[in-house]
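Here the structure is laid out as structure tokens; the discussion comes afterwards.
Excluded from the calculations below are hydrogen atoms, water molecules and symmetry mates; all remaining heavy atoms, backbone and side chain alike, are included. This chain uses plain numbering: 1 for the first residue, then up along the sequence.
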Amino acid sequence: MIGRARYGMAAMALAALGCGGAEAADLAATSYKAPAYAAAPAPFSWTGFYAGANVGGAFTGNDTFTNAAGGNGGKLSGVIGGGQAGYNYQISPMFVVGIENDLEFTGLSRKGDVVNPAVSMPWLTSGRARAGIAVLDQRLWLYGTAGLAAGELKDGPIHKMKMGWTAGAGAEWAFQPKWSAKLEYLYTDLKHDDLPDWRAAKIHSVRVGLNYHFDLFR
């Protein structure tokens, strides 16, 4: 009896060791997976080339033009629209600078009559610097702008290009990684010359625009 009892106890011990070994093997085979690491999105940057289009309205001050007959050319107003292209550089998370060139076709015109010939400005162009601060996660750029300007005058039989300067301010919002929308005001002053057909043209324009940003150097 004692021998049988010893044999039974030994068998039970061997069975327990076998179960423990299987459980240990199962535990060893179970691998631990670390939680997935999600990298923080890269901050938005204004640095790079861009191009786009704009549309708005423009008007001149009273008595902006004389005409070929020496009379008052009157106040001009009309739609303005065209395209722009430039390059921005983000100096720091807060400060951005850039350059921009634009070409605008305008509806600035006044119909002629028996005494006064028609007056119009078919196009305007400018080359400007822009500088300002980036806020709201760097996606809203508030800037000032200034530079040189030129435009064509059609005053009766006289067609000529005039030079001057322009300055203004704007806000540009990057609503997508490669797209931004802007609202801009510009004051343009085209200087007078010695001929009697022209006074200094003071043009106010307000434009909305859309820009596409290229990834050439990002």
Side-chain angles (χ1 to χ4, degrees), residues 35-61 64 75-108 121-151 163-190 200-218:
Y37 173 73
F44 179 81
S45 174
W46 288 96
T47 299
F49 290 96
Y50 66 91
N54 67 81
V55 67
F59 63 93
T60 68
T64 291
K75 183 176 180 178
L76 310 185
S77 62
V79 175
I80 186 171
Q84 68 273 344
Y87 181 81
N88 299 321
Y89 182 73
Q90 188 147 0
I91 300 174
S92 71
M94 192 172 186
F95 295 102
V96 183
V97 297
I99 55 173
E100 181 173 288
N101 294 285
D102 62 7
L103 175 62
E104 308 296 321
F105 299 96
T106 89
L108 291 168
M121 293 200 69
W123 58 266
L124 292 168
T125 186
S126 70
R128 294 173 285 108
R130 300 198 297 171
I133 60 172
V135 297
L136 297 181
D137 197 24
Q138 303 179 29
R139 292 182 177 272
L140 178 61
W141 183 21
L142 307 175
Y143 62 87
T145 181
L148 299 177
M163 301 293 295
W165 60 272
T166 185
E172 190 163 355
W173 168 251
F175 60 91
Q176 291 289 337
K178 293 186 178 182
W179 290 95
S180 65
K182 70 173 184 176
L183 173 65
E184 186 175 70
Y185 164 79
L186 287 178
Y187 171 81
T188 303
D189 189 339
L190 302 180
K202 297 175 173 57
I203 304 166
H204 305 269
S205 63
V206 178
R207 307 178 298 183
V208 294
L210 187 67
N211 284 325
Y212 179 82
H213 298 259
F214 301 95
D215 289 335
L216 297 180
F217 298 110
R218 292 189 187 181

Point to revise | Euclidean distance, Trp141 CH2 relative to Leu136 CG, rounded to 0.5 Å | key: 15.5 Å
Check your understanding: Just wondering, do Met121 and Thr60 contact through their side chains at under 4.5 Å, heavy atoms?
Key -> no
Point to revise | Considering all heavy atoms, the nearest Val96-Ala134 contact | key: CG2-CB, 4.1 Å
Practice item. Name all residues meeting the side chain to side chain donor-acceptor pair (under 3.5 Å) criterion together with Thr145; count only those two or more places apart in sequence or in a different chain, and write none if there are none. Key: Arg128
**Study point:** Check: Ser45 and Gln138 side chains under 4.5 Å, non-hydrogen atoms
**Key:** no
Review point. Tell me the salt bridge (Lys or Arg N to Asp or Glu O under 4.0 Å) pairs involving residues 86-96, sequence neighbours left out?
Key: none
Check your understanding: Just how far is it from atom OG of Ser77 to atom CG of Leu108, taken to the nearest 0.5 Å?
Key -> 7.5 Å
Point to revise | Atom OH of Tyr185 with >12 non-hydrogen neighbours under 6.0 angstrom | key: yes
Check your understanding: Do Thr47 and Tyr87 have side-chain heavy atoms sitting under 4.5 Å apart?
Key -> yes
Exercise for review: May I ask you to test the Phe175-Leu210 pair for a side-chain heavy-atom distance under 4.5 Å?
Suggested key: yes
Check your understanding: Residues in side chain to side chain contact (heavy atoms under 4.5 Å, CB included) with Asn211, at least two apart?
Key -> Tyr50, Gln84, Glu172, Ser180, Lys182, His213
Study note, to complete from the structure: Heavy atoms of Glu104 and Gly81 approach each other most closely as OE1-C, 3.2 Å
Check your understanding: For the residue pair Trp46 and Phe44, does the interplanar ring angle fall in the parallel (under 30°), tilted (30 to 60°) or perpendicular (over 60°) class?
Key -> perpendicular
Practice item. Calculate, to the nearest 0.5 Å, the distance between atoms CG and CG belonging to Leu124 and Leu186 respectively. Key: 10.0 Å
Exercise for review: Starting at OH of Tyr187, measure out to OG of Ser205 and round the result to the nearest 0.5 Å.
Suggested key: 11.5 Å
Check your understanding: By side chain to side chain donor-acceptor pair (under 3.5 Å), which residues pair with Tyr212, not counting sequence neighbours?
Key -> none
Review point. What distance separates Ile80 CD1 from Phe105 CZ, expressed to the nearest 0.5 Å?
Key: 11.0 Å
Check your understanding: Considering residues at least two apart in sequence or located in another chain, which fulfil the side chain to side chain donor-acceptor pair (under 3.5 Å) criterion with Trp123?
Key -> Glu152
Point to revise | Heavy-atom pair with the smallest gap, counting every atom of Gly127 and Asn101 | key: CA-OD1, 3.4 Å
Check your understanding: What heavy-atom pair brings Ala171 and Leu140 nearest, and what distance separates the two atoms?
Key -> CB-CD1, 4.4 Å
Practice item. Go through the structure and list residues passing side chain to side chain donor-acceptor pair (under 3.5 Å) with Thr166, not counting sequence neighbours. Key: Thr188
Review point. Are the side chains of Phe95 and Ile133 in touch, meaning some heavy atoms are under 4.5 Å apart?
Key: yes
